[in-house]
Amino acid sequence: VGAAEAPRSGTGARGTVDAWFGVAPQRSASRDVGFGVRQLSEIAARALSPVINDPYTALACLDWMTDAFSLVVRRQPIAALRSASDGTLRLMETPASFRTISEAGLEPIIAYGLDSAMVALYTIRCLTRLGGLVVRPQDAATLKHLVGRVLSQAQVRLRDAHSLAELLALTQNINEHLDQKFSLAPP
């Protein structure tokens, strides 16, 4: 369900609903940010495969995913229940959480890309950009969780001591920033 793009049909309540919502046979990035993120993560995973070995495409996907994530972490809490003026419940909504969307998008990067110092560092830099935008403590906790996953996987897979030291410094900075902003307890 997303913003209507098709011609309106029906009268009365049906016409009103049709004017506000559209139902399509396929998901689209314009109606579902999670769908767009999953498409980008698939492109990134393919780009990171040994056969293709195109990390710059994966980094571009990370940029686009970070832009999508920024929309989610900056939004104010959305009322899950919509009522009519008389108080009658009309719509129950479950907005996609940052945790769900970000984990779906970053899992292929974590699984296939952290053998590369360039990809690991860029992933942390993208997460750092999000750290300045988060408005909800639960999103900050998700961000810390993702930073921790990237760091732990990179520590196992990377052999370059300089890159590992840079990665560790970046993760400490983002964690300190989030702890100060939200008074989060260390993991």
Side-chain angles (χ1 to χ4, degrees), residues 29 32-45 47-48 53-80 93-187:
D32 182 356
V33 70
F35 178 67
V37 165
R38 283 183 192 87
Q39 285 184 314
L40 288 167
S41 70
E42 289 176 20
I43 294 167
L48 291 168
N53 191 22
D54 181 12
Y56 291 102
T57 295
L59 298 184
C61 290
L62 267 171
D63 276 334
W64 284 104
M65 279 191 271
T66 302
D67 287 346
F69 298 156
S70 73
L71 297 173
V72 177
V73 300
R74 286 186 300 191
R75 73 177 178 210
Q76 293 301 318
I78 298 171
E93 181 179 12
T94 307
S97 72
F98 172 58
R99 182 176 195 104
T100 301
I101 293 170
S102 61
E103 287 180 348
L106 293 177
E107 190 54 42
I109 305 292
I110 292 169
Y112 303 117
L114 298 186
D115 294 334
S116 163
M118 177 175 60
V119 174
L121 288 166
Y122 201 79
T123 302
I124 290 296
R125 287 186 184 110
C126 287
L127 294 173
T128 298
R129 288 191 340 236
L130 294 171
L133 302 173
V134 294
V135 296
R136 290 181 301 279
Q138 66 267 26
D139 292 345
T142 295
L143 203 51
K144 284 187 72 165
H145 168 75
L146 291 168
V147 165
R149 286 209 1 114
V150 171
L151 178 62
S152 67
Q153 287 297 309
Q155 286 175 320
V156 170
R157 295 156 71 182
L158 291 179
R159 301 290 174 238
D160 176 24
H162 176 73
S163 295
L164 280 169
E166 186 178 354
L167 191 67
L168 186 58
L170 288 170
T171 58
Q172 287 174 336
N173 287 342
I174 183 61
N175 283 331
E176 287 171 7
H177 168 76
L178 292 170
D179 287 342
Q180 289 174 357
K181 188 172 181 178
F182 293 98
S183 301
L184 298 175

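The structure presented is a predicted model; accordingly, all values stated were derived computationally and were not measured.
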Find out whether Asp179 and Lys144 are in side-chain contact, i.e. whether some heavy atom of one side chain is under 4.5 Å from a heavy atom of the other. yes
First locate atom CD1 of Ile43, then atom SG of Cys61, and finally report the distance between them rounded to the nearest 0.5 Å. 5.0 Å
With rounding to the nearest 0.5 Å, note down the distance linking OG1 in Thr123 to CG in Leu151. 12.0 Å
How far apart are the closest heavy atoms of Val72 and Ile101, and which atoms are they? CG2-CD1, 4.0 Å
Arg149 with Glu107: basic N within carboxylate O range, under 4.0 Å: yes
All heavy atoms of Val150 vs all of Leu114, minimum pair found to be O-CD1, 3.7 Å
Can you tell me how far apart CG (Leu146) and CG (Leu130) are? Round to the nearest 0.5 Å. 9.0 Å
Kindly indicate whether the side chain of Met118, heavy atoms from C-beta on, has any atom under 4.5 Å from the side chain of Tyr56. yes
Give me each pair satisfying salt bridge (Lys or Arg N to Asp or Glu O under 4.0 Å) with a member in residues 55-74, each pair once, sequence neighbours excluded. Asp63-Arg129
Minimum heavy-atom separation for Ala104 to Arg38, with atom names? CB-NE, 4.0 Å
If the threshold is 4.0 Å, N to carboxylate O, is there a salt bridge linking Arg99 and Glu103? yes
Identify the heavy atoms of Leu158 and Ser116 that sit nearest to each other, and give their distance. CD2-C, 3.7 Å
Exercise: identify the closest heavy-atom pair between Thr142 and Ser102: CG2-OG, 3.7 Å
Would you check if Val119 and Tyr112 make a side-chain contact, meaning some heavy-atom pair closer than 4.5 Å? no
Rounded at 0.5 Å granularity, tell me how far CD1 in Ile109 sits from OH in Tyr122. 11.5 Å
What I'd like to find out is whether the side chain of Leu48 reaches to under 4.5 Å of the side chain of Thr57, using heavy atoms alone. no
Heavy-atom pair with the smallest gap, counting every atom of Ile174 and Leu127: CD1-O, 4.2 Å
Is the backbone of Ala140 close enough, under 3.5 Å, to the side chain of Lys181 for a donor and an acceptor to pair up by distance? no
Report yes if the side chains of Pro108 and Ile110 come closer than 4.5 Å at any heavy-atom pair, otherwise no. no
Would you say Val73 and Leu143 make side-chain contact, with heavy atoms under 4.5 Å? no
Between the CG atom in Leu40 and the CG atom in Leu62, the distance rounded to the nearest 0.5 Å is 9.5 Å
Any pair with a residue in residues 117-128 that passes salt bridge (Lys or Arg N to Asp or Glu O under 4.0 Å), sequence neighbours left out, goes on the list, sorted by first then second residue, please. Arg125-Glu166
So OG1 of Thr66 and CG of Leu71: to nearest 0.5 Å the spacing works out to 11.0 Å
Side chain to side chain, Asn173 and Thr128, heavy atoms closer than 4.5 Å: no
